[in-house]
Structure formats: C-alpha cells, structure tokens
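As a basis for the values below, the full set of heavy atoms in this structure was taken, side chains included, without hydrogen atoms, waters or symmetry mates.
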Amino acid sequence: MPDISISSMSLRTLILWSFSAVTLPLALVLASSMMSVGDVSSKGVSAVKQVADVVFTSQQLSALLNNMERTASQFQVLSDASLKQQYLAYRTEFLSTVENAYGGAHSLHLDEVLNQLSAAEQRVYVRVVGDETLTLAALQSGFGELHGYAQTLFRMNNDIISAEINAIEQSASEVSDKLLRSTLIFPFTLLLAICFVRIINRPLKQLMPQLKQLEIGDLSHPVKVTGAKDIRDIAVTIESMRAQLLRLEEQKTLTLQHLSHELKTPLAAIREGTELLYDGTSGQLNEAQHHIAGILRSSTGRLQKLIEALLDLNIIIAAKLPEQTQYCDIEQVVSGILNDRSLEIRAKSLTIAFSNRTKSPLPMYEDHCRIVMDNLLSNAIKFSPEQGTITLSVDNKGEQTQIVVEDQGPGIPVDDTEQVFELFYQANNQPDSKVKGSGMGLTLTREILNKYGAKVCMSNRAAQPGCQAIVQLPVNTETN
C-alpha cells in the first residue's frame, strides 16, 4: 500500500490536495443548489403557463356559450336556417375546446362535472334543433346551467393551480432551507483551509529561526524540519552546508590558533633581542642604528598585540556561553575602562559624559562587556579632537537596552558603516597616532554581541559632527 502521509508529499502535491479538499465541498453544494433552484424555476414556469391556459380557456368557453346562446335565441325567433348553421358551428368549436382543454385523465370530481356539462349541452342541443315548442325562457335557463358548469370548471382548475403553487412555495421553502443549511459548509471549509495553511506553514516556521541562527554565525545547532518532502529536502541541504561550514570554521580556528602559538615563540625571541639592541645592552648604537632598533621594537610590539588580538577573536568565536544568563554592572565596567585609559583622555583633555538610566545590571558576562565597551570607547577616544566630549548613555527602549557612544570627531564615511566590522578593515579617515589599531576591535565587538542576540551599528550624528555607535541588547537574552 503506497505511503500517502503528509511527510511523503511534495509541497506542490500538498497544495493541490488542500485546494481540492477545500473546493470539492463548495462545488457539491453549488451543484446541488443549482439543481434545486432549477427544479423550482421549472415548476414555476409550468404553473404560470397553466394559469394562462385556464384563463384563456375560461374566456373562450364563456364567449362560445354566449355566441351559442345568442344564435340559438335568434334561430328560435326568426327560424333562419343560417342562424342554425352558425349555432352548430359555435357548438362544434365549443365541444372541441372542452375536449382540448379537459381531455385525458382527470380527477373523479372533474370527470363528473365534465359529464354533467356534456349532458346539459346535449339536452340544450336536442331542444334547439328538434323542439319546436322551446321557449326563450327555457332556452336561457338551459344556457344558464351551461354557464354554471363552465364557472365550476374554472374554479376547479383554479383550485388545482393553487395546490400546485402551494407545492412550489413549499419546494422553494425547502430549497431556501437547504441553501441556508449549505452555508454551514463555509465555516467548515474555512477551518479546513486554516488547517492546511498551518500544515504547509509549519515546516517554514520551523526553518526560519534556524536560518536566523545561521545568519548570525551560530553553527552549533543542527537544522531539523518535519513536514512536506520538499521542505525537508531543503533542510537536509542546509544542514549539509552547516556541517561543512562548521568543519571549515573549526579547521580555520585550529589553524589560526596553531599559527598564533607558533608565531609567538620566535616573536618573543625577536622582541627580546630587539629590546637588548634598543637598550644598548650588546653595545652602544649610533643614531641611525638606534632609530632602526626603535622601528623594530615598535613593529614587534604591534605584531605581538595583533597575534594576541587574533587569539582573543578565535576564542570568542569558538566559545559557547552557558545557558544560565550572567549579569554585570556596566557602571563599574565603564569606570574601570576610563581609569585604564586615563592617560589618553588627559593627553587630549577630553570630557566624558556618562548617564545610566537603567539602574539595572546588563545580561552579559563582565569580561565580554568590558571588551565591547573598551573597543567602543577606545575608538571614540582615538577619533575625538582635542578638548572634545564623549557621550556615553545607557537606556531602556522597550524590550531592549540601548547603549550609545558618541564622539565629536570627523565622523565615518558612509561607505564604511558596514565595512568597519570586517576583519582587519580600517576606515580611510584614520587619525595621526603613534599607536595603530589592529582592525579587529569592532569585529570582536560584533562577534560578542551576536552571541547575546544583540546588534551594533555605526553612523554619523545627525545634528552635529561626530560618530555614534549604537548597541541594542535584548533585555531577556538567549545566549548561543
């Protein structure tokens, strides 16, 4: 027996099944309603035709009886053979009309009236053509009896038509009730449609959060989806890509860690030798040699910091945060950073304006918070002009904590607002400084914040010169 479960269907097949399941009940109800309405309409047309026929026949019989009575009366008075022939012609037409209108099967009551009409007409006919003693009064009495039977036939036909009209009204009422009951199918089909939409949408809802995790660089969770075969095939492909990316990421991390450790050993020896040369331990250097030794000393120091920053970055990327959220005091973190960078702040005579409106700890590890704030503040100090002001504010914005660091420097080129977060990238408007950055600070900042589901962006201030860094940290973070 073939497998017809939802999980075995493709998305196209599932959509076709859902469309058929929703439209089939509606189509059946529509067809049944059309047939019922058509039947009532046909009966209505038949009833209208019968009414028209009865009215026409009644008028015709009444007119023929009047003509027969008039010509018979004239014949009795004038004894004119032509009047007799005219009477006989009217009589023939009268009998033919009765036969055409009431021939065939009838009810017993109708047959009885027709027999009485025929007998009465025969008596009148016999007396008109063969009774010379017939008086006008007797003739009129005979035709009065015929008129009475004709009116009785008319009323009986009206009763029959009324009964048919009542039957049509009853049928119409039944059709109306049927249509009313048929409307109950619409909530059912709507519920059925909602069920199919949920069935079709469920695997997509399962897939989207997992794609969001991959988007922020979290490769630790396998991609799993249940539902239509097409969506499961896509999930399998994405999972294969995730696994491959995870392997490449692990290889890259191990390679970088290995290279970094391997480089630190000879670098330490080079730096030690450079320090000895620069200090003159191995002999006094002339001015040119001392300058060259200073360049070597500075370069090895920068290289060591670069390797250490690279190690820190890889440790942050590879590390997983515990499920239980840790909290830190941002005021204490910022105070420590400002104390560490007090010499740089004094050298430029900078003013630091710090406001914290949350008065509550941040849902971050203290070490991570220190790295993030140190990178943002160091950038602000680096690009601030002499006697400038750096503004740091922390505030609640709905379900997020917003941290804003603003300086009064030259701002950031529009093309660099996203590129500054790329590894080793440095903006074109670097200030003159003896200490050059590694180009990894903002990359490290973004990687840390991604693990807390937070976002960071760089932009220019709207009202005045300067750059602003905005961090949006969820109040209830889910660590990755």
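Applying the side chain to side chain contact (heavy atoms under 4.5 Å, CB included) test to Arg370 and every residue at least two apart in sequence or in another chain returns Val333, Ile337, Asp340, Glu366.
In this structure, Glu69 and Gln140 have side chains that are in contact, with non-hydrogen atoms separated by less than 4.5 Å. For the pair Thr391 and Thr389, the minimum side-chain heavy-atom distance is below 4.5 Å. Between Gln402 and Ile470 the shortest side-chain heavy-atom distance falls below 4.5 Å. No side-chain heavy atom of Pro465 sits under 4.5 Å from any side-chain heavy atom of Gln408.
Heavy-atom neighbours of Gln332 CD from other residues, nucleotides or ligands within 6.0 Å: at or below the threshold of 12. No more than 12 heavy atoms of other residues, nucleotides or ligands lie within 6.0 Å of CD in Gln244, so this atom counts as exposed by the packing criterion.
Note that CG of Asn356 and CD of Glu331 are 4.5 Å apart. Values are rounded to the nearest 0.5 Å. Annotation: the span from Gln468 atom CD to Leu376 atom CG amounts to 12.0 Å, rounded to 0.5 Å. The OG1 atom of Thr445 lies 11.5 Å from the NE2 atom of His368; values are rounded to the nearest 0.5 Å. Atom SG of Cys467 is separated from atom CE of Met458 by 3.5 Å, given to the nearest 0.5 angstrom. Here the CG-CD distance, from Leu83 to Gln76, works out to 10.5 Å after rounding to the nearest 0.5 Å. Between the CG atom in Leu362 and the CD atom in Gln326 there is a gap of 13.5 Å [rounded to 0.5 Å].
For the residue pair Asn396/Thr358, the side-chain donor-acceptor check at 3.5 Å is not satisfied. One side chain, Arg155 or Thr152, offers a donor N or O that lies under 3.5 Å from an acceptor on the other. Using modelled atom types, one finds no donor on one side chain facing an acceptor on the other under 3.5 Å when comparing Thr71 with Gln86.
At a threshold of 4.0 Å, the pair Lys224-Glu239 does not count as salt-bridged, since none of the basic side-chain nitrogens sits closer than that to a carboxylate oxygen.
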- Message: Apply side-chain hydrogen bond (donor to acceptor under 3.5 Å, both in side chains) to residues Asp407 and Ser384 and explain how you reach the verdict.
- Response: CA-CA 6 Å; Asp407 61 55; Ser384 289; 5.0 Å; no
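Asn460 contributes a side-chain N or O that, together with a main-chain N or O of Ile412, makes up a donor-acceptor pair within less than 3.5 Å. Within the 3.5 Å criterion, the main-chain N or O of Tyr365 finds a donor-acceptor partner in the side chain of Tyr452. A donor-acceptor distance shorter than 3.5 angstrom exists from the side chain of Thr97 to the backbone of Glu93, with no hydrogens or angles considered. Using a distance-only test at 3.5 Å, with no hydrogens or angles considered, a donor-acceptor pair links the side chain of Ser378 to the main chain of Asn375.
Among all heavy-atom pairs drawn from Asp80 and Phe75, the shortest one is O-CD1, 3.1 Å.
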